[in-house]
Structure formats: structure tokens, C-alpha cells
Amino acid sequence: MKQPQSIAVLGAGVMGLMAAYTLRTYLPATEITIFDRDATPQNNASNKAGGMLAPYAELDHMPQDYLGAASDSLKLWGDIQKALKTDFEFRENGSLIIAHAEDKHLLSRFSGILPKNDQWSAIQGEAIRTLEPSLDADIFSNGLHLKAEGHLHPRKAMEALRNFLPPIIQKHIVPEDIVQDFNLVIDCRGMGACDYIDDLRGVKGEILIVHNPEFHLNRPLRLMHPRYPLYIVPREGNIFMIGATIIESAESESISIRSAMELQSALYSIHRSFGDSKILEMTAGIRPALPKNMPIISMEGQVIRCNGLFRHGFLLAPVMAESLACYIQGTHTPHFDLFAKEGRDEHISQRTAFGT
Ligand SMILES: Cc1cc2nc3c(=O)[nH]c(=O)nc-3n(C[C@H](O)[C@H](O)[C@H](O)COP(=O)(O)OP(=O)(O)OC[C@H]3O[C@@H](n4cnc5c(N)ncnc54)[C@H](O)[C@@H]3O)c2cc1C
């Protein structure tokens with residue numbers, strides 16, 4: 001592809017910001033313009049995310065072929081934090097999965113789907129206490145330590161990217177409004193593109209953010225539970241993000257009483273101190289998802305769409321953005337096929353002229 005002089009990125013969620021950042025690096029001579037309906041978007045999926053970078057823990061929701069790409073994203077986030085000289089709490093401390101004694105079989109089931117390598121191990125009592133001293137190892141005596149995982153603070157990461165990039169132009173638009181003004185339009189509007197991508201749907205995720213000075217975590221913690229699975233992502237200052245429900249609905253960004261009670265009781269079962277913790281935020285986000293729950297890069301003339309990141313926006317956006325930049329630059333990355341294949345196969349209906 002001839003190097004474009006100008007590219008518009010539509011949408012400043014994690015996908016749009018990451019696309020703009022990576023395109024600036026790969027195509028320094030190209031002018032990049034970013035549009036969003038909000039100048040500092042608050043009400044998008046990205047702003048509600050936990051920020052777990054969990055290639056292994058997500059194997060319950062993600063085919064194994066994405067493991068390599070997802071793992072590469074961790075390195076890219078590390079490079080970005082260094083390049084932007086901003087601490088957005090990107091840490092590579094792994095993650096820990098636990099279950100109550102009566103649910104131990106859930107850990108065995110999950111370990112059965114993990115690849116046989118040294119990136120994870122089953123651990124017991126004392127080893128759990130060493131990793132996470134706040135946990136009562138008598139209650140949680142079995143766990144899985146997933147070593148090759150990380151986490152970050154999504155809002156801080158996006159703020160760091162926004163500070164580096166040209167200011168966002170606040171405008172509610174569709175690609176047709178601007179396609180004549182740019183060589184290429186990268187459509188990263190998440191749910192905003194649902195009129196264009198036939199089978200894009202919303203999957204609601206409800207979360208709590210709490211402050212608990214009596215509890216400490218070094219890494220994301222997942223509780224396997226037959227009814228109320230839950231994860232806790234640590235933020236600096238004893239702040240914890242707790243999530244998240246998976247509800248097939250794009251209807252509302254509010255949280256139901258039932259979900260609030262379920263999240264809170266599962267949280268209390270992890271550590272009593274959460275009973276006195278202070279709720280800072282109770283909200284919900286809508287994840288943009290495609291039928292296979294995996295994202296796509298698809299082309300339609302001058303418009304390239306990156307969408308369907310579902311539960312994996314922070315996990316996969318860096319590597320998707322890199323694949324996109326290489327494609328525009330005319331080079332090939334093995335991961336490009338992973339994302340482009342989905343787009344070519346099914347999701348963009350007959351309107352897509354992939355590869356043109
Ligand atoms: C509760 C919850 C927890 C999550 N936890 C994690 C996690 O731990 N790890 C992980 O990797 N992923 C996680 N995710 C998933 C991740 O948040 C999403 O995959 C990701 O945010 C999708 O990013 P996006 O940029 O495609 O969409 P969005 O973040 O929704 O951004 C789309 C942007 O487009 C803009 N827009 C839309 N229409 C228009 C228009 N017409 N004109 C201008 N602008 C427009 C919107 O304002 C918005 O800013 C979580 C999601 C939720 C909801």
C-alpha cells in the first residue's frame with residue numbers, strides 16, 4: 001500500500017488511541033487526526049475496564065491461537081510505558097487464581113485447558129501466602145499462579161496516550177463524513193459502529209471500585225466460583241477494581257441491585273475487611289463483541305475497521321495496532337492473519353471488499 005499522507009482515527013477508546021500511537025511510530029511522515037464524540041471519553045468500554053493483561057487466564061474465553069499475540073501485547077505495553085515516561089501502573093507480576101475448598105474442581109478443570117509449559121504452576125498454602133500475604137491461606141489453600149501475565153491502570157494508560165497524541169477533535173461522525181478528506185479512515189468506534197457491522201453486539205460488564213486500606217494485592221486475583229466468579233485488580237493506594245458480570249445486553253450502563261449484591265458478597269468471601277471498604281464507584285460498561293467473541297481488522301475501500309475487542313481490548317489492542325500499522329506500511333506480521341481472517345470470513349457482510 002502507498003504510504004498515506006493523512007489518516008483519520010475514529011474513536012478514542014483503547015483501540016483508537018493505540019492505533020493512533022502505533023501509526024505515529026510506524027509512519028512518522030503521516031498526519032494523524034483523532035475524532036471522538038467526547039474530548040476525553042469517559043463513557044466508553046475502555047474507561048470501565050479492569051486492565052488485566054491475562055493471556056493465560058483468558059483461555060476460558062479466547063482460543064489458544066491468540067496466546068502468542070496476547071503475550072506479545074505485554075511487551076508492547078512495557079515499551080509504551082517506558083517511551084511515554086509515565087507510570088500507568090503497568091506491572092508484570094502475573095496473576096493468581098483461587099477457589100474455595102468446595103470448588104477446588106474448578107481449578108483442576110481450568111488447569112486442564114492451560115498449555116503444558118512452565119508459565120504457570122499449581123500452588124498450595126504457604127506459596128499462596130508468600131505471593132499474597134493478605135489472603136487467608138487456610139481458606140484458600142489451592143491456587144494457580146499464572147506467571148506470564150500483567151495488569152495496568154486503564155484510565156491512566158489512556159490519559160498517558162492522549163497526552164502524547166494530538167488533541168482529540170470532538171465530533172460525532174461516521175466514516176462517510178470524512179472519507180474524502182483523508183487517505184485512510186481507521187474506524188475504532190466500538191459499539192458506535194453497530195450500524196455498520198451487522199453482527200456487532202454489546203455485552204454488559206458491571207464493576208465496583210473500592211478503597212480498602214486493610215487489604216493488599218500484588219497482582220490480579222481471580223476467584224473461581226460456580227455462580228459468582230469474580231476478579232480483583234489492584235490499583236495504587238489500596239484501591240481495587242472488582243468485576244465483572246457478563247450480561248448479553250447493550251441496554252444500560254447502570255448496575256442492577258442483584259449484580260451489586262452478588263459482587264459484594266463474593267468479595268466479602270475473599271476477605272472480611274471488604275465489609276468495611278468504601279465504594280468509590282459502581283458502574284457498568286458495554287463490551288463490543290462479535291459472534292466468535294474475537295476482534296477483527298476488516299477493510300472496505302478507504303475504511304479499515306478494528307472492532308469486536310470484547311473482553312480483550314487492553315490485552316489485544318497493542319498487537320492489533322501493530323498489525324494494522326505493518327499492513328498499511330506494506331509489511332506483514334503473523335498476527336495480522338489472526339485478526340484479518342475473522343474479518344474476511346464472516347462478520348462484515350457483503351459490503352466488505354477485503355484486500356482491496
Ligand atoms: C467491565 C469491563 C471490564 C473489562 N476488563 C478488561 C480487562 O481487564 N482487560 C482487557 O483487555 N479488556 C477488558 N475489557 C474489555 C475492553 O474494555 C474493551 O474490549 C475495549 O475497551 C474496547 O475498546 P474500543 O476502543 O474498541 O471501544 P470503546 O472503548 O468503547 O471506544 C470507542 C470510542 O468510540 C467513540 N465513538 C463511538 N461512536 C462514535 C461516533 N459516531 N463519532 C465519534 N466517536 C464515536 C466512543 O465515544 C468511544 O470513545 C473490559 C470491559 C468491560 C466493560
Side-chain angles (χ1 to χ4, degrees), residues 8-20 34-55 57-58 61-62 66 70 73-74 77 95 149-155 157-158 161-162 168-178 185-197 200 202-209 220 222 230-233 241-247 249-250 253 255 259 263 281-290 293-297 305-321:
V9 175
L10 253 80
V14 67
M15 187 63 241
L17 292 172
M18 195 53 76
I34 310 165
F35 295 90
D36 199 288
R37 56 190 170 202
D38 299 315
T40 46
Q42 312 285 317
N43 257 338
N44 54 17
S46 305
N47 215 44
K48 311 296 169 73
M52 289 177 298
L53 307 170
E58 281 301 311
H61 301 274
M62 180 178 85
Y66 290 79
S73 271
L74 267 88
W77 275 118
S95 56
E149 306 213 320
H151 66 284
L152 52 72
H153 191 310
R155 294 176 189 175
M158 289 188 293
L161 288 166
R162 284 197 302 268
I168 294 166
I169 297 178
Q170 187 173 2
K171 210 170 183 183
H172 188 126
I173 45 172
V174 295
E176 288 76 42
D177 295 338
I178 49 162
V185 175
I186 314 297
D187 183 357
C188 305
R189 287 175 299 144
M191 287 307 294
C194 62
D195 288 346
Y196 288 75
I197 302 179
L200 189 68
V203 181
K204 183 171 171 172
E206 296 154 306
I207 63 160
L208 299 175
I209 299 179
R222 293 191 189 226
L230 154 145
Y231 58 76
I232 308 178
V233 192
M241 183 277 197
I242 294 107
T245 53
I246 306 180
I247 300 172
S249 161
E253 293 190 355
I255 176 165
S259 300
L263 284 172
E281 200 173 322
M282 237 200 248
T283 183
I286 309 296
R287 309 172 182 96
L290 289 162
N293 289 339
M294 295 312 296
I296 56 156
I297 299 176
R305 299 185 202 283
C306 300
N307 212 321
L309 284 104
F310 184 48
R311 290 171 62 96
H312 307 125
F314 286 82
L315 183 60
L316 292 176
V319 83
M320 272 180 86

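Not measured: the values here are computed from a predicted model. Atoms within each ligand, like the ligands themselves, are counted from 1 in listed order. Residue numbers run from 1 in the order of the sequence given.
The residue among Pro41, Ala45, Ala244, Gly205 with a heavy atom at the shortest distance from atom 30 (O) of ligand 1 is Ala45. When Gly13, Gly50, Gly16, Pro295 are ranked by how near their heavy atoms come to atom 31 (O) of ligand 1, first place goes to Gly13. Proximity annotation for atom 53 (C) of ligand 1: of Arg287, Met15, Glu58, Arg287 comes nearest, heavy atoms only. Residue nearest to atom 46 (C) of ligand 1, selected from Ile242, Val9, Leu53, Asp36: Asp36 (by heavy-atom distance). Remark: among candidates Cys188, Ala193, Ser46, the nearest residue to atom 29 (O) of ligand 1 is Ser46, based on non-hydrogen atoms. Counting only non-hydrogen atoms, the option in Phe310, Tyr196, Phe35 that gets closest to atom 18 (C) of ligand 1 is Phe310.
Given atom 12 (N) of ligand 1, the protein heavy atom at minimum distance is Arg311 O, 2.8 Å. Scanning the protein for heavy atoms near atom 37 (C) of ligand 1, the closest one is Arg189 O, 3.3 Å. Nearest non-hydrogen protein atom to atom 27 (O) of ligand 1 is Gly190 CA, 3.8 Å. Scanning the protein for heavy atoms near atom 2 (C) of ligand 1, the closest one is Lys48 O, 3.7 Å. Of the protein's non-hydrogen atoms, Arg37 N, 3.0 Å is the one closest to atom 44 (N) of ligand 1.
The backbone N or O of Lys204 sits less than 3.5 Å from a side-chain atom of Arg287, completing a donor-acceptor pair. Judged purely by atom type and a 3.5 angstrom limit, Ser46 has no side-chain atom pairing as donor or acceptor with the backbone of Gly13. In this structure a side-chain-to-backbone donor-acceptor pair under 3.5 Å is present from Glu149 to Ala57. Counting only distance, with no hydrogens or angles, the side chain of Asn307 and the backbone of Gly190 share a donor-acceptor pair below 3.5 Å. Put simply, the side chain of Asn47 never gets that close to the backbone of Asn44: no donor and acceptor are under 3.5 Å apart. Using a distance-only test at 3.5 Å, with no hydrogens or angles considered, no donor-acceptor pair links the side chain of Asp187 to the main chain of Arg305. Without hydrogens or angle criteria, Thr245 side chain to Glu206 main chain gives a donor-acceptor distance under 3.5 Å.
Annotation: Met191 places no N or O atom under 3.5 Å from an N or O atom of ligand 1; distance criterion only. Checking only distances, Ala49 never comes within under 3.5 Å of ligand 1, N or O to N or O. Considering backbone and side-chain N/O of Met52, one or more are found under 3.5 Å from N/O of ligand 1. Residue-to-ligand polar distances keep Ile207 apart from ligand 1: every N/O pair is separated by 3.5 Å or more.
At a 4.0 Å cut-off, at least one heavy atom of His172 sits close enough to ligand 1 to count as contact. Residue contact check for ligand 1: Val174 places no non-hydrogen atom closer than 4.0 Å to it. Heavy atoms of Ile173 approach ligand 1 to within less than 4.0 angstrom. Ligand 1 is approached by Lys171 to a heavy-atom distance shorter than 4.0 Å. Under a 4.0 angstrom heavy-atom cut-off, Gly243 registers as lying outside contact with ligand 1. Within the 4.0 Å heavy-atom shell around ligand 1 one does not find Leu10.
Listed by atom number, the atoms of ligand 1 under 4.0 Å from Gly285 heavy atoms are 53 (C). Ligand 1 places these atoms under 4.0 Å from at least one heavy atom of Gly192: 37 (C), 38 (N). Heavy-atom contacts of Phe314 reach the following atoms of ligand 1: 10 (C), 11 (O), 12 (N) (cutoff under 4.0 Å). Heavy-atom contacts of Gly11 reach the following atoms of ligand 1: 33 (C), 34 (O), 35 (C) (cutoff under 4.0 Å). The Gly313 neighbourhood of ligand 1 comprises atoms 10 (C), 11 (O), 12 (N), 15 (C), 16 (C), 18 (C), 19 (O), 20 (C), with distances under 4.0 Å to a heavy atom of that residue. Atoms of ligand 1 found under 4.0 Å from any heavy atom of Gly51 (numbered from 1 in listed order, with element): 7 (C), 8 (O).
Residue-level proximity to ligand 1 for Glu206 is absent, since no heavy atom of it falls below 4.0 angstrom. Using a 4.0 Å cut-off between heavy atoms, Leu315 contacts ligand 1 through both its backbone and its side chain. Contact annotation: for Tyr231 versus ligand 1, heavy atoms closer than 4.0 Å belong to the side chain alone. By the criterion of a heavy-atom distance under 4.0 Å, the backbone of His312, and not its side chain, is placed next to ligand 1.
Residues Asp195 and Val174 are not in side-chain contact: their nearest non-hydrogen atoms beyond the backbone lie 4.5 Å or more apart. Looking only at side-chain heavy atoms (C-beta outward), Lys171 and Asp177 stay at 4.5 Å or farther from each other. You'll find the side chain of Leu263 reaches within 4.5 Å of the side chain of Ile255, heavy atoms only. Residues Arg189 and Tyr196 are in side-chain contact: their nearest non-hydrogen atoms beyond the backbone lie under 4.5 Å apart.
Here CD1 of Ile173 is found 12.0 Å from CZ of Arg37. Values are rounded to the nearest 0.5 Å. Distance check: Ile169 CD1 to Asp36 CG gives 11.5 Å after rounding to the nearest 0.5 Å.
The minimum heavy-atom distance linking Leu74 with Gly150 is given by the pair CD2-N, 3.5 Å. When all heavy atoms of Met191 and Pro288 are compared, the pair lying nearest together is SD-CA, 3.6 Å. For the pair Ile286 and Gly202, the tightest heavy-atom approach, listed with the atom from each and the gap, is CG2-CA, 3.5 Å. The two residues Ile168 and Phe35 come nearest to each other via the heavy atoms CG2-C, 4.1 Å.
Residue Thr40 is tested with Gln170, Met158, Arg162 for a side chain to side chain contact (heavy atoms under 4.5 Å, CB included); the sole match is Arg162.
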